[in-house]
Amino acid sequence: MASWEGRTSRITRPPIAEINRMAGELEARGEQLINLGQAVLGLPPPKSALMAVRKYLDETSVCGYSPDPGLPHILDKLVQFLDEWKGISGAAREQLLLTAGANQAFVNALLAITQIGDEVIFFGPNYFDHVFAMELAGCIPVEVEMRRSQGRYVADIEEVRCRISKRTRALVLVSPGNPTGSLFPKEQVEELTRLCKEHDIWLISDETYDLLTFPPHVHVSPASLGIHDKVVVVGSFSKSFGLAGWRVGYLFGPLAMVEETIKVQDTIVVCASVPSQYAVLGALEETLSYRSKALEALEERLEALLAVVDASTLLSGYRPDGGTFLLADILGPQSSVDFSKTLLKECGIITVPGSAFGQFGEGRVRLSFGNQSVEVIQEAGRRLANWERELG
Ligand SMILES: Cc1ncc(COP(=O)(O)O)c(C=O)c1O
């Protein structure tokens, strides 16, 4: 067949597909694999989330569409959440849209605010689905490298300033970042927000891991600063509430922009899944206690993974500020894809090669600690150590 001509052809398949194919073959042969690939929270969601769904399951309304933005009383609950947890005060229900996850919220926002050929600046190592969305939307991705400094990934704001052109329409911020796990400190969030205001460009803030931050680090939303009107928050219930499979997230932004995104919403999903909206209603009842439980588990898992990486002669790590993963350096000449493949073959450990996260991810491998117990992470460490011993 001739090469594909549709706009999906702009997207390069991520190397994870190849690792997953190999993993499938090994599992079919009965191998016990350890999955340090998926960046999900391996904890059940808040009980109140499932209880809320059960309570409404017998009502016929749960089987119909909701209004495009979501059920009004659930949006009101989200307004309260933005105020209490993100310091975004005075939000109106009409500035919110429940979506099928943060990914859909990001696509809605991008389609509403950009024209084909617009440039979108973002940081790398990057979250690849953002880049795919830019490519689908016909935007030009402009990547700014985050460099490791004192054990964290840090953005160079002067470089962002230099990369802004007449065609720049938006800047994307992911904090805590995927795959870096690094948070943008308040001063940098302020500086970037001011920069966007100065150049009249949108700031899209992906806050998927907002609640999963390790003290003393705290997440700061640019929408809480009152500096710039053109700020869009993309939020998720997948990670902070363990509801990834329910596919529910949200978008928050200025009224006129949110109204535009409803056109995309109606075209793609009409509304977020109504049972999932009820899950959100319930989950938000338990934010405080669920968050502390999730953080406790995550911190234990992170300590276990840091011990594995510290003991390794093939990897070198650092302590992430938040999220569910660590992007470790590979200490050797292998490419990240080859390293991930070898680790899978020799140790039965699934990881994501750094090149999946763009040009600045090469030479690294993402290890997720969110999805596995301490015991399983320690077992991964034993397998890695045995293999390293064999290598000499
Ligand atoms: C930065 C970031 N944004 C968005 C998503 C997707 O979130 P959701 O499941 O809400 O679509 C992920 C998932 O890994 C992510 O890491």
Side-chain angles (χ1 to χ4, degrees), residues 14 39-41 86 99 101-110 113-114 120-135 137 139 141-148 152-157 159-160 163 169-186 188-193 195-196 201-214 217-225 230-240 244 249-253 318 320-327 352 354 356-361 364 366 368 370:
V40 291
L41 189 66
K86 289 177 177 285
T99 57
N103 268 7
Q104 193 221 321
F106 186 79
V107 172
N108 280 23
L110 206 61
I113 65 183
T114 61
V120 179
I121 301 179
F122 61 103
F123 295 97
N126 65 62
Y127 174 54
F128 44 78
D129 281 347
H130 284 168
V131 184
F132 297 166
M134 291 172 209
E135 285 166 340
C139 295
V142 177
E143 188 170 16
V144 172
E145 182 176 10
M146 288 187 78
R147 296 191 180 87
R148 278 269 284 286
R152 305 179 58 253
Y153 283 86
V154 179
D156 180 345
I157 303 209
E159 195 181 340
V160 178
R163 303 292 288 278
R169 178 74 66 156
L171 169 73
V172 178
L173 193 65
V174 187
S175 177
N178 178 4
T180 61
S182 287
L183 267 157
F184 282 74
K186 185 167 185 208
Q188 278 210 329
V189 178
E190 277 175 355
E191 228 179 311
L192 286 168
T193 314
L195 193 60
C196 289
I201 58 181
W202 287 87
L203 176 53
I204 307 178
S205 174
D206 182 323
E207 305 184 359
T208 292
Y209 301 93
D210 53 359
L211 301 186
L212 305 181
T213 55
F214 306 124
H217 300 286
V218 282
H219 167 77
V220 176
S221 172
S224 70
L225 302 174
K230 291 186 171 176
V231 175
V232 186
V233 173
V234 163
S236 175
F237 293 92
S238 294
K239 314 292 166 127
S240 297
Y250 64 92
L251 179 151
F252 166 77
Y318 62 98
D321 307 333
T324 61
F325 31 72
L326 187 166
L327 189 66
V352 181
F357 307 103
Q359 55 179 323
F360 302 122
R364 294 165 178 152
R366 194 188 73 180
S368 294

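Numbers for residues simply follow the sequence, beginning at 1. Just the heavy atoms: all of them, side chains too, but no hydrogens, waters or symmetry mates, feed the values below. For clarity, every value in this text was computed on a predicted model and none was experimentally measured.
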**Request:** Using side chain to side chain contact (heavy atoms under 4.5 Å, CB included) as the criterion, list what pairs up with S175, not counting sequence neighbours.
**Result:** L183, F184, H219
**side-chain hydrogen bond (donor to acceptor under 3.5 Å, both in side chains) involving Y250 - partner list, sequence neighbours excluded** = none
**Message:** Is the shortest side-chain heavy-atom distance between E190 and V220 below 4.5 Å?
**Reply:** no
**Request:** Enter the distance from N103:CG to N108:CG here, rounded to the nearest 0.5 Å.
**Result:** 11.0 Å
**Request:** Might you point out which heavy atoms bring A102 and V234 nearest each other, and give the distance in Å?
**Result:** O-CG1, 3.3 Å
**Complete:** Between S221 and E207, the two heavy atoms sitting closest are OG-OE2, 2.8 Å
**Message:** With ring pair (Phe, Tyr, Trp, His ring centres under 6.0 Å) as the criterion, how do Y127 and F357 come out once you've worked through the C-alpha distance, each side chain's angles and the decisive distance to 0.1 Å?
**Reply:** CA-CA 6 Å; Y127 174 54; F357 307 103; 8.3 Å; no
**Request:** For S368, check side chain to side chain contact (heavy atoms under 4.5 Å, CB included) against everything at least two apart and list the hits.
**Result:** A39, F325, R366
**Contacts of type side-chain hydrogen bond (donor to acceptor under 3.5 Å, both in side chains), residue S240, not counting sequence neighbours** = D210
**Fill in**
Closest non-hydrogen contact found for L212 with P176 is O-CG, 4.2 Å
**Message:** Using side-chain heavy atoms (C-beta onward) and a distance below 4.5 Å, is V131 in contact with P141?
**Reply:** yes
**Asked** By side chain to side chain contact (heavy atoms under 4.5 Å, CB included), which residues pair with V120, not counting sequence neighbours?
**Response** L110, T114, M134, C139, A170, V172
**Non-neighbouring partners of E159 that pass salt bridge (charged side-chain N to carboxylate O under 4.0 Å, His left out), sequence neighbours left out** = R147, R163
**Asked** So do L192 and F123 actually touch side chain to side chain, heavy atoms under 4.5 Å?
**Response** yes
**Message:** Return the CD1 to CD distance between I157 and Q188, rounded to the nearest 0.5 Å.
**Reply:** 4.0 Å
**Request:** Give, for atom CG of L211 and atom NZ of K86, the distance between the pair rounded to the nearest 0.5 Å.
**Result:** 7.0 Å
**Request:** Kindly write out the residues that satisfy side-chain hydrogen bond (donor to acceptor under 3.5 Å, both in side chains) with N126, not counting sequence neighbours, or none if the list is empty.
**Result:** E143
**Prompt:** Between T324 and V40, is any pair of side-chain heavy atoms under 4.5 Å apart?
**Reply:** no
**Asked** For P125 and P179, which heavy atoms make the closest approach, and how far apart are they?
**Response** O-CD, 3.5 Å
**Request:** Would you mind reporting whether F106 and H130 have side-chain heavy atoms less than 4.5 Å apart?
**Result:** yes
**Asked** Just by modelled atom types, is the G249 backbone N or O under 3.5 Å from a matching donor or acceptor in the T99 side chain?
**Response** yes
**Fill in**
Contacts of T193 meeting side chain to side chain contact (heavy atoms under 4.5 Å, CB included) (sequence neighbours excluded), chain-then-number -> V189, L203, P222, L225, I227, H228, V231
**Complete:** Shortest non-hydrogen pair, Y209 vs G323, comes out as CD2-CA, 3.9 Å
**Prompt:** Can you name the residues that form a ring pair (Phe, Tyr, Trp, His ring centres under 6.0 Å) with Y318, not counting sequence neighbours?
**Reply:** Y153
**Request:** Using the test side-chain hydrogen bond (donor to acceptor under 3.5 Å, both in side chains), find all partners of T208 that sit at least two apart in sequence or belong to another chain.
**Result:** D206
